[in-house]
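First the structure, in the form of structure tokens, and then the observations on it.
When reading the values below, keep in mind they use all heavy atoms of this one structure, side chains included, and skip hydrogens, waters and symmetry mates.
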Amino acid sequence: MANKNGGSEENAAPFNMADLGTAVLSEEDRAELVDVIKNKLQNLAGQSEFLESLSPVVRKRVTSLQEIQSQHDELEAKFFEERAALEAKYQKLYEPLYSKRYEIVNGVVDAESVKSEPAEENAAEDKAAEGMLVLKGVPDFWLTAMKNNEVLAEEISERDEGALKYLKDIKWARIDNPKGFKLDFFFDTNPYFKNSVLTKTYHMIDEDEPILERAIGTEIEWYPGKILTQKVLKKKPKKGSKNAKPITKTEDCESFFNFFSPPQVPDDDEDIDEDTAEQLQNLMEQDYDIGRVVPNLVLLNRENAHQNVSNNSIV
């Protein structure tokens, strides 16, 4: 394709970032900015060729459509801005409710019924409580809530349940620099790992779309012999082998706690082939799907709460 000066693109002078006064940028940032500008110029050139191929009457109509689209984009930008402000406002209003939930679930305070229950039901519950051990809070609250979610239930192995019984709270928070959100999982002291908080952070290229850039998870400090993301296999030695001891092999296994070791995109995309890239994309989408459902975990409904109580104790 010919450029504006009549020369070919191959003979065109290289783009010089110094002309834009960007000497403060790193070489990587400069290269990225050059790519963005080139893509923009190519898109504009393509649009210009398309318009020139139209008749004057149709070209005028298409121009009007472009103006309508621009007006729509401006309104959409205001919508996203106001939505973010509204979410921030209500997030602050939610906090006292989340605090009350934490206190009740973990037995810091006892619950006061919002609605008075019938005397017959209270009497029946009092009678059922006689002679039974009374525990604080709501045992296995978060484990039960997670298992009641279809997406999360598939990620939780039987081995995971022991550790997830120590989960005290989950918090979601929006982050602004870079854009995205994070999830904090608060754990009581447990025999599986040292961490009191496990965090998963999602960085978004465009939070409103949204497009995931990358995810970062806390490195879990496992206690010896308690790594839930690995399993130890023991094989008997071959007959006639001098070594009579079993052969021990460690391999990765399915676990919810793999959630904190998300798939990572290589710095250089050229290092991976198409099949590997597709597999990586699927893993990232699966990881993001899990991250999206965690904030939507709701309070246990009445049926699940009573089932939880009957299986453990009277709250």
Using a cut-off of 6.0 Å, state whether more than 12 heavy atoms not belonging to Gln279 lie near its atom CD.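 Count not over threshold, so no.
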
Please check if atom CD in Gln69 has more than 12 non-hydrogen atoms from other residues, nucleotides or ligands closer than 6.0 Å. yes

Reference residue Lys165; test side chain to side chain donor-acceptor pair (under 3.5 Å); the match among Asp188, Asn190, Asp140: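 Of Asp188, Asn190, Asp140, side chain to side chain donor-acceptor pair (under 3.5 Å) with Lys165 is met by Asp140 alone.
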
Determine whether Leu233 and Thr250 satisfy the following criterion, side chain to side chain contact (heavy atoms under 4.5 Å, CB included), listing intermediate values before the conclusion. CA-CA 6 Å; Leu233 303 177; Thr250 301; over 6 Å; no

Test side-chain contact (heavy atoms from CB on, under 4.5 Å) applied to Lys147 - qualifying residues, sequence neighbours left out: Leu143, Ile156, Glu161

What distance do [X] atom [atom1] and [Y] atom [atom2] have between them, rounded to the nearest 0.5 Å?
{"X": "Met146", "Y": "Ile290", "atom1": "CE", "atom2": "CD1", "result": "9.5 Å"}
{"X": "Leu198", "Y": "Phe187", "atom1": "CG", "atom2": "CZ", "result": "5.0 Å"}
{"X": "Met284", "Y": "Asp289", "atom1": "CE", "atom2": "CG", "result": "12.0 Å"}
{"X": "Asn106", "Y": "Lys136", "atom1": "CG", "atom2": "NZ", "result": "11.0 Å"}
{"X": "Lys182", "Y": "Lys200", "atom1": "NZ", "atom2": "NZ", "result": "14.5 Å"}
{"X": "Tyr94", "Y": "Lys89", "atom1": "OH", "atom2": "NZ", "result": "11.0 Å"}

According to a hydrophobic-cluster definition based on side-chain heavy atoms being under 4.5 Å apart (Ile, Leu, Val, Met, Phe, Trp, Tyr only), do [X] and [Y] belong together?
{"X": "Tyr90", "Y": "Tyr98", "value": "yes"}
{"X": "Val293", "Y": "Trp172", "value": "yes"}
{"X": "Leu164", "Y": "Tyr223", "value": "no"}
{"X": "Leu75", "Y": "Phe80", "value": "no"}

Can you give me every donor-acceptor pair (side chain of residues 253-262, partner residue at least two apart or in another chain, under 3.5 Å) with its distance?
{"unit_1": "Ser255", "atom_1": "OG", "unit_2": "Asp160", "atom_2": "OD1", "d": "2.7"}
{"unit_1": "Ser255", "atom_1": "OG", "unit_2": "Asp160", "atom_2": "OD2", "d": "3.4"}
{"unit_1": "Ser255", "atom_1": "OG", "unit_2": "Phe257", "atom_2": "N", "d": "3.1"}
{"unit_1": "Asn258", "atom_1": "ND2", "unit_2": "Cys253", "atom_2": "O", "d": "3.0"}
{"unit_1": "Asn258", "atom_1": "ND2", "unit_2": "Ser255", "atom_2": "O", "d": "3.4"}

Is the closest side-chain heavy-atom distance between [X] and [Y] below 4.5 Å?
{"X": "Asp169", "Y": "Trp142", "result": "yes"}
{"X": "Arg101", "Y": "Leu97", "result": "no"}
{"X": "Val109", "Y": "Ile104", "result": "yes"}
{"X": "Thr218", "Y": "Val197", "result": "no"}
{"X": "Tyr192", "Y": "Arg159", "result": "no"}

For Val294 against Leu152, the heavy-atom pair lying closest together: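 Here Val294 and Leu152 meet closest at CG2-CD2, 4.1 Å.
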
Closest contact, heavy atoms only, Leu280 versus Pro263: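 Where Leu280 meets Pro263 most closely, the heavy atoms are CD1-CB, 3.7 Å.
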
Should Ile175 and His203 be marked as a side chain to side chain contact (heavy atoms under 4.5 Å, CB included) after you check the CA-CA gap, both sets of side-chain angles, and the distance that decides it? CA-CA 9 Å; Ile175 57 176; His203 293 171; 3.9 Å; yes

Under the side chain to side chain contact (heavy atoms under 4.5 Å, CB included) criterion, do Gln91 and Glu95 qualify, and how do the steps go? CA-CA 6 Å; Gln91 186 64 28; Glu95 285 302 326; 3.4 Å; yes

Under 3.5 Å: donor-acceptor pair, side chain of Asn149, backbone of Val151: yes

For Tyr102 and Phe186, I'd like to know if the aromatic rings sit close, meaning centre-to-centre distance below 6.0 Å. no

Side chain to side chain contact (heavy atoms under 4.5 Å, CB included) between Trp222 and Gln230, intermediate numbers included: CA-CA 11 Å; Trp222 298 101; Gln230 295 180 349; over 6 Å; no

Have Glu67 and Gln71 got a donor and an acceptor in their side chains that come within less than 3.5 Å?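 The criterion, which ignores hydrogens and geometry beyond distance, is not satisfied for Gln71 and Glu67.
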
Any donor-acceptor pair under 3.5 Å linking the side-chain atoms of Gln286 with those of Asn282?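 The answer is no; no qualifying pair exists.
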
Qualifying residues under salt bridge (charged side-chain N to carboxylate O under 4.0 Å, His left out), relative to Glu251, sequence neighbours excluded: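 Applying salt bridge (charged side-chain N to carboxylate O under 4.0 Å, His left out) to Glu251 gives Lys231.
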
Is the Phe181 ring parallel, tilted or perpendicular to the Tyr202 ring (thresholds 30°, 60°)? parallel

